[in-house]
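One structure is given below, encoded as structure tokens.
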Amino acid sequence: MIVPISLLAELLQALPHLRAQIYFKSSMTALSHAMEDLVLAGSDDEPLVIASFQQERFYRHEAHRYRRIADRSSQVYVLSSPETEFKNSSEHHETVAFAPEDTLSKEWHLVVLGQYYSTCLICQEKFMPIDNHDDRDPLLIDQARRFEGIWTFDREVSCKAAELLLDKILKYRPELTEKIDRARTTYNLAKAPKKTRKSAASKAAKPKKSAPKDSKIPNPKLSDAFAERLVTYLQSGQHKLLKAYSAIAAQERKERLINLITTAMRQSLNPQEIVEVAVQELGTALSASRCLIYRCKAVDIAVKIDREFLRPGTTSMLDQTWQLQKNPIFRDAVTRQERVYIQDTAQHPLIVNTKSLEKTVKNWQIISWLMVPVLYQGRVLGMVEMHQCRSTSPWEQDEIALVEAIATQLGAALIQAETYAHLEELNQQLEALDRTRSNLIAITGHELRTPLSTIQVCLESLNSEPDMPQKLRKIMLETALGDADRMRKLVQDFLTLSHLESGRVKWNVESLTLQECVDLALSSVRSRGGLDRKLPQIIAEVSEELPLVQADGEWLVEVLSKLLDNACKFTTPQGSVTIRAQCSGSQMVEVLVADTGRGIEASSLKIVFDRFYQEEGALRRSAGGTGLGLAICKQIVAGWGGKIWADSPGKDRGSEFHFTIPIV
């Protein structure tokens, strides 16, 4: 059997002049002990005592007192929700086990009704929201539990409370009807409804003890004024203690959150990880419906939300584009560089009078809105936003101060992470420069010194031997001229790459037929190959029906020439080189230069476009070249907005170079 109605509600309905008050558990414990001591200190008077405990474990703490009380009165009733051993019994006093779902499990009752005095405590617990991160002392939390109810010496109220409790006892233990009827007669209480009573006629014949007819009999053993002042003092002290502890808990929570972010900073200099810790901890601590932390500048138009704390039932904003400059609240927070708090968006004139803002509030169900800028030395680094989507319960000043403290800590964390990122980037640049210097020395030592030595030997021979045979003289001159051209190409590649990387190149973009550019590149490669070496078979598969491309013709021919020359260099005369082109989507033409040569290792595919890269290494250049050709191609393709990449099945299995050109 479950009784769904609160006893306090029944009492207030029966006696509407009563007004409930708030009591702390510590105060109620003291009051209950005082009321129990009143019975234990009594003489011949046999009072009616009814106590209701929320759960069995609370009763076990007081069981010894109620056994002593039962020695002084036969009318003692104890109600409780059973956990282990508690059950309906009449061993020492009457015990009544009620269902855990009964509202009595949320109530605290004690009624003492004597012949010449009375007192009662009827209360129902007020449950507070649970903080999942509450690290407070459990004992202190238990003592600060709050109850709403009535405590009085008024006999009328005490009698009514006793009647209601006896009715509930009968519902659980109807076999006590006769004993409870005697109590009603003895203490002048109203009879129970007929449906809950047994054989009313038989009980009428039983003898009755004389009971006071006047319910206004004073309580000579108690001083109402003194007791009430004592309880008021106790309640006041408990309230001050709770208030002081709340302040300490708020400060502790603030320090804990700041320490969490500081720890995150020490463990990681990744700003995304720092923001993730802050957004989750801050949203949980303030019980927000939604918490957003995003990085932005004061002049940013919009930002994409990538970090969010969300309460169940709240719409997510992840991956949404969040307008900034169109949001007057954001502009106000950035301009004044301080927090903006709107407790009720439905009543705020700025939101009511701005259609776009009103639409935003409605779409994302924002009822309360807190925005705190993340600053460092006056520079905006980001924003912390807190949304309440279910109620307008205001955030306290200490909670808002907590958000501001976290925002300040975040500013320091982000600037530190940013500085570290810049330092890493600078280190990478320095390492790249060091590699460039080393490679430049190697290139100079090999690609310049070797041809210079050859030229010097040839010229010295021609100068010292005027009678040298004509055929040998011709070989000497051709060798010197070939090495001089090799040096010229090296210097030209250095200058070309330098101009491209510095951004000093003036692009002459025009509409071009790709096939014409391919023909020019093939002609250049074949003319050079005829002098130096035998070329592999070159196959061109470029359709005349391809759309016009938009690029600088001279530089496009340069890219094609270098890729074809590179393919021929690493492919034997028995192999083949293929060049083909096709449309890649509606905006680009993709060009492919493939060969059947020595191929590229998978680990090298990402670095083949680096300056001075050669598969054999900087000092082993059997194929010749400077290692600048692919780096030059990368800069040229990037100049017209295309992409270039390499693929290869592996060593000695050929390679493919792809690049894209915009369509007119």
Side-chain angles (χ1 to χ4, degrees), residues 132-133 253-312 314-325 327 329-330 333-334 337 339-340 360 364 366 369-389 399-400 402-432 606:
N132 293 328
H133 289 260
R253 181 174 54 177
K254 175 180 176 181
E255 291 177 359
R256 180 175 59 83
L257 281 178
I258 292 175
N259 288 338
L260 271 172
I261 295 178
T262 304
T263 303
M265 287 170 54
R266 290 173 179 170
Q267 292 177 346
S268 171
L269 286 170
N270 184 341
Q272 298 298 334
E273 292 181 5
I274 295 170
V275 169
E276 179 64 27
V277 171
V279 76
Q280 295 300 327
E281 293 295 334
L282 196 54
T284 303
L286 267 68
S287 301
S289 298
R290 184 189 296 116
C291 177
L292 309 175
I293 300 181
Y294 49 85
R295 300 189 67 183
C296 64
K297 301 186 184 76
V299 295
D300 284 351
I301 297 174
V303 70
K304 188 175 182 180
I305 303 299
D306 60 355
R307 289 292 183 276
E308 173 188 64
F309 167 85
L310 208 65
R311 286 280 178 193
T314 308
T315 306
S316 173
M317 290 179 62
L318 274 180
D319 299 325
Q320 295 291 325
T321 300
W322 193 230
Q323 296 297 326
L324 301 181
Q325 291 304 322
N327 186 339
I329 302 175
F330 175 85
V334 167
Q337 295 198 346
R339 52 101 170 169
V340 176
T360 299
W364 300 108
I366 304 173
W369 199 344
L370 174 63
M371 191 174 283
V372 180
V374 178
L375 306 170
Y376 184 78
Q377 295 182 353
R379 172 186 163 197
V380 177
L381 301 176
M383 192 66 67
V384 179
E385 289 197 31
M386 309 291 292
H387 301 166
Q388 289 288 26
C389 301
E399 293 178 318
I400 296 175
L402 173 61
V403 180
E404 291 177 323
I406 295 301
T408 301
Q409 191 75 359
L410 266 177
L414 292 177
I415 204 69
Q416 182 174 323
E418 187 178 288
T419 303
Y420 178 75
H422 289 166
L423 186 60
E424 273 198 327
E425 184 180 348
L426 183 59
N427 284 336
Q428 291 172 0
Q429 291 175 0
L430 289 173
E431 288 175 3
K606 293 184 179 180

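Between the side chain of Gln428 and the backbone N or O of Leu423 there is no donor-acceptor pair closer than 3.5 Å. The closest donor-acceptor contact from the side chain of Glu308 to the backbone of Ser316 lies at 3.5 Å or more, if one exists at all. No donor-acceptor distance shorter than 3.5 angstrom exists from the side chain of Glu404 to the backbone of Glu399, with no hydrogens or angles considered. Looking only at distances, no side-chain donor or acceptor of Glu385 sits under 3.5 Å from a matching main-chain atom of Met371. Within the 3.5 Å criterion, the main-chain N or O of Thr315 finds a donor-acceptor partner in the side chain of Arg290.
The two residues Ala302 and Gln323 have their closest heavy-atom pair at CB-OE1, 4.0 Å. What you find for Ala407 and Pro373 is that their closest heavy atoms are CB-O, 3.8 Å. When all heavy atoms of Asn327 and Ile329 are compared, the pair lying nearest together is OD1-N, 2.9 Å. Across all their heavy atoms, Val279 and Cys291 have their closest contact at CG2-O, 3.2 Å. Among all heavy-atom pairs drawn from Cys389 and Ser289, the shortest one is N-OG, 2.9 Å. The heavy-atom pair separating Ile305 from Tyr294 by the smallest distance is CD1-CD2, 3.7 Å.
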Can Val403 and Arg339 be said to form a side chain to side chain contact (heavy atoms under 4.5 Å, CB included), step by step? CA-CA 9 Å; Val403 180; Arg339 52 101 170 169; over 6 Å; no

Could you go step by step and tell me if Val384 and Ile406 meet the side chain to side chain contact (heavy atoms under 4.5 Å, CB included) rule? CA-CA 9 Å; Val384 179; Ile406 295 301; 5.8 Å; no

Can you check side chain to side chain contact (heavy atoms under 4.5 Å, CB included) on Val334 and Met383, steps first, answer last? CA-CA 9 Å; Val334 167; Met383 192 66 67; 4.0 Å; yes

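Summarising the geometry, atom CE belonging to Met386 is positioned 9.0 Å from atom OG belonging to Ser287; distances are rounded to the nearest 0.5 Å. The distance from atom CD of Glu281 to atom CD of Glu276, rounded to the nearest 0.5 Å, is 10.0 Å. Here the straight-line distance linking atom CG of Leu426 with atom NE2 of His422 works out to 10.5 Å at 0.5 Å rounding. From Ile293, atom CD1 reaches atom CD of Gln280 across 9.0 Å, with rounding to the nearest 0.5 Å. Taken from CG in Leu282 to CG in Leu410, the straight-line distance is 8.5 Å, to the nearest 0.5 Å.
No side-chain heavy atom of Leu286 sits under 4.5 Å from any side-chain heavy atom of Phe309. Within the 4.5 Å cutoff, the side chain of Leu381 has no heavy atoms near those of the Leu375 side chain. Side-chain atoms of Leu414 and Val275, non-hydrogen and from C-beta on, do get closer than 4.5 Å to each other.
Around the CD1 atom of Ile301, the shell of radius 6.0 Å holds no more than 12 heavy atoms that belong to other residues, nucleotides or ligands.
Residues passing the side chain to side chain donor-acceptor pair (under 3.5 Å) test with Tyr376, sequence neighbours excluded: none. Shown here are the side-chain contact (heavy atoms from CB on, under 4.5 Å) partners of Gln272, two or more places apart in sequence or in another chain: Asn270, Asp306, Arg307.
Ring-plane geometry between His387 and Trp322 is classed as tilted, the angle between the planes lying from 30 to 60 degrees on a 0 to 90 degree scale.
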